[in-house]
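Written below as structure tokens is the structure these notes are about.
For ligands, and for the atoms within them, numbers begin at 1 and follow the listed sequence.
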Amino acid sequence: MGRAKKVVLAYSGGVDTSVCIPYLIKEYGVEEVVTFAADLGQGDELAPIQKKAIEAGATRSLVGDLIQPFIEKFAFPAIRANALYEGRYPLSTALARPLIASRLVEIAREVDADAVAHGCTGKGNDQVRFDVAIGALAPDLKVLTPAREWGMSREETIAYGERFGIPAPVSKKAPYSIDLNLLGRSVEAGSLEDPFLPPPEEVFEMTSSIDNAPNTPQDIEISFEDGNPVAIDGERLDPVTLIRKANFLAGHHGFGRLDIIENRVVGIKSREIYETPGLLLLIRAHQELESLTLSADVLRLKNQLEREWADLVYQGFWFSPLKDALDGFFEPTQNQVNGCVRIRLHKGNAIILGRNSNTNSLYMPTMATYSSDDIFDHQSAEGFIYIWGLPSRIWAAVKKE
Ligand code: ARG
């Protein structure tokens with residue numbers, strides 16, 4: 001592999017990605033490092049991050065607000081797909097990676113770089129997602145991964161940074177590894193590495209504890225159009241505002257915490273603490289509306305394909321023919337998903353109270369009712385069951401002989 005001259009580095013402002021800058025220059029012989037920091041609603045100030053990159057030796061330091069595409073093009077499709085990895089994790093971190101990767105590739109083209117770089121370690125999922133996405137979008141670009149190769153401990157990394165004027169982290173307080181964006185937080189390391197120990201309350205920021213959640217329940221209504229959430233309590237909201245509001249409401253009532261053992265792509269089981277209040281709430285509501293508006297057979301197959309979709313996104317295949325094909329299956333189903341869902345938020349719970357669709361409900365009261373309005377033909381059931389159960393009776397008869 002020839003040397004890269006100009007590299008676009010995915011930059012967070014943290015010690016690891018900061019150390020990547022001098023490391024790329026000194027150890028990889030890179031001439032120019034251009035950093036890119038994405039705003040995904042994590043709440044960091046971008047101007048100080050920009051300054052930090054220059055101080056660490058970057059020639060240019062770019063920032064970009066990706067919040068809107070993140071929600072519209074990544075979070076909303078995940079809601080339509082009811083995407084829950086291993087049935088539980090709503091992919092809050094995983095969904096951000098292909099977006100960052102695609103922006104890195106665009107910037108590399110704009111500034112005429114011959115490589116991109118990221119600061120992921122060698123044991124996580126994020127390296128897989130970056131490398132696979134970049135490979136799919138720009139197979140000609142080199143991907144440099146200093147943190148995967150340098151083999152430095154945390155202390156050594158900090159010491160290396162200090163040689164190049166990168167300040168050691170001020171607060172040593174939290175021993176956690178945290179990933180954060182508008183969809184949620186992922187917390188690992190420290191005492192969380194013992195999967196039997198309960199997570200300390202200090203790891204949570206977006207959600208109330210059950211104790212601190214209000215005693216009074218709050219009933220809300222979430223409306224959907226074509227499978228996308230569009231309003232809360234009748235108030236139409238743009239996608240970003242809607243996610244913020246869902247985060248606030250669910251988080252306030254202590255809904256949206258996960259404590260799971262997760263199977264990483266690289267074969268490791270890890271203990272993960274997540275807070276994804278809004279996303280989990282919206283998926284729950286969306287599933288509920290689908291149960292009213294999709295036919296039984298479509299629902300059944302969609303449920304199976306949802307699992308595949310979540311696996312693909314988790315494993316780094318956002319840009320892939322199978323993902324496109326699954327989206328192609330989901331799309332027409334979502335034209336049916338119009339209506340609203342009523343949910344009670346209370347003490348860590350999101351309890352479904354009701355669902356309604358004026359245009360697409362397949363629930364037929366005259367079929368379902370036990371009253372005299374019933375139009376279901378009870379007599380027809382006999383013939384249906386005669387044929388439906390025929391294989392069972394034949395099997396039993398033959399077994400007896
Ligand atoms: N395990 C989660 C995932 O794979 C979260 C990863 C968190 N990333 C991080 N750099 N701390 O999506």
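For E262 and K269, the salt-bridge test fails: no basic side-chain N is under 4.0 Å from an acidic carboxylate O.
Checked against a 3.5 angstrom limit, the closest N/O atoms of T93 and ligand 1 fall outside it.
Of the protein's non-hydrogen atoms, the one nearest atom 12 (O) of ligand 1 is Y89 OH, 2.6 Å. Closest to atom 1 (N) of ligand 1 among all protein heavy atoms lies E262 OE2, 2.8 Å. Remark: minimum distance from atom 4 (O) of ligand 1 to any protein heavy atom is reached at N125 ND2, 2.7 Å.
In this structure, Y85 has no heavy atom closer than 4.0 Å to ligand 1. Within the 4.0 Å heavy-atom cutoff, G124 does not count among the residues contacting ligand 1. Ligand 1 is never approached by R264 to a heavy-atom distance shorter than 4.0 Å.
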Item to check | CA sep, side-chain torsions, deciding dist, call: N338, S357, side-chain hydrogen bond (donor to acceptor under 3.5 Å, both in side chains) | outcome: CA-CA 6 Å; N338 300 290; S357 173; over 6 Å; no
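In this structure, W388 and F384 have parallel ring planes: the angle between them is below the 30° cut-off, well short of the 60° mark. Using bins of under 30°, 30° to 60° and over 60° for the plane-to-plane angle, the ring pair Y89/Y274 lands in the parallel bin. In this pair, W309 and F330 present their aromatic rings tilted. The plane angle is within the 30 to 60° band.
Atom CD of E382 sits in a sparse spot, with 12 or fewer heavy atoms from other residues, nucleotides or ligands closer than 6.0 Å. Around the NZ atom of K6, the shell of radius 6.0 Å holds more than 12 heavy atoms that belong to other residues, nucleotides or ligands. Crowding of Q218 atom CD: a count of heavy atoms from other residues, nucleotides or ligands under 6.0 Å exceeding 12. Annotation for E331: atom CD does not count as buried by contact number, only 12 or fewer foreign heavy atoms lying within 6.0 Å. Within a 6.0 Å radius of CZ in R271, other residues, nucleotides and ligands contribute more than 12 heavy atoms.
Shown in contact with E272 at under 4.0 Å from a heavy atom are these atoms of ligand 1, numbered in order with element: 1 (N), 2 (C), 5 (C). The atoms of ligand 1 that sit less than 4.0 Å from any heavy atom of D179 are 7 (C), 8 (N), 9 (C), 11 (N). Within the listing of ligand 1, atoms 6 (C), 7 (C), 11 (N) sit less than 4.0 angstrom from a heavy atom of E188. Within ligand 1, the atoms closer than 4.0 Å to a non-hydrogen atom of R129 are 3 (C), 4 (O), 12 (O), numbered from 1 in the order shown. Taking every heavy atom of Y274 and a limit of under 4.0 angstrom, the matching atoms of ligand 1 come to 1 (N), 2 (C), 3 (C), 5 (C). Annotation for ligand 1: atoms under 4.0 Å from non-hydrogen atoms of S186 are 5 (C), 6 (C), 7 (C). Atom numbering of ligand 1 starts at 1 in the shown order; those under 4.0 Å from a heavy atom of S177 are 11 (N).
Under 4.0 angstrom from ligand 1, there are no non-hydrogen atoms of R271. Looking at D126 against ligand 1, only its side chain comes within 4.0 Å, counting heavy atoms. Heavy atoms of Y176 found under 4.0 angstrom from ligand 1: none, in either backbone or side chain.
Without hydrogens or angle criteria, N181 side chain to L40 main chain gives no donor-acceptor distance under 3.5 Å.
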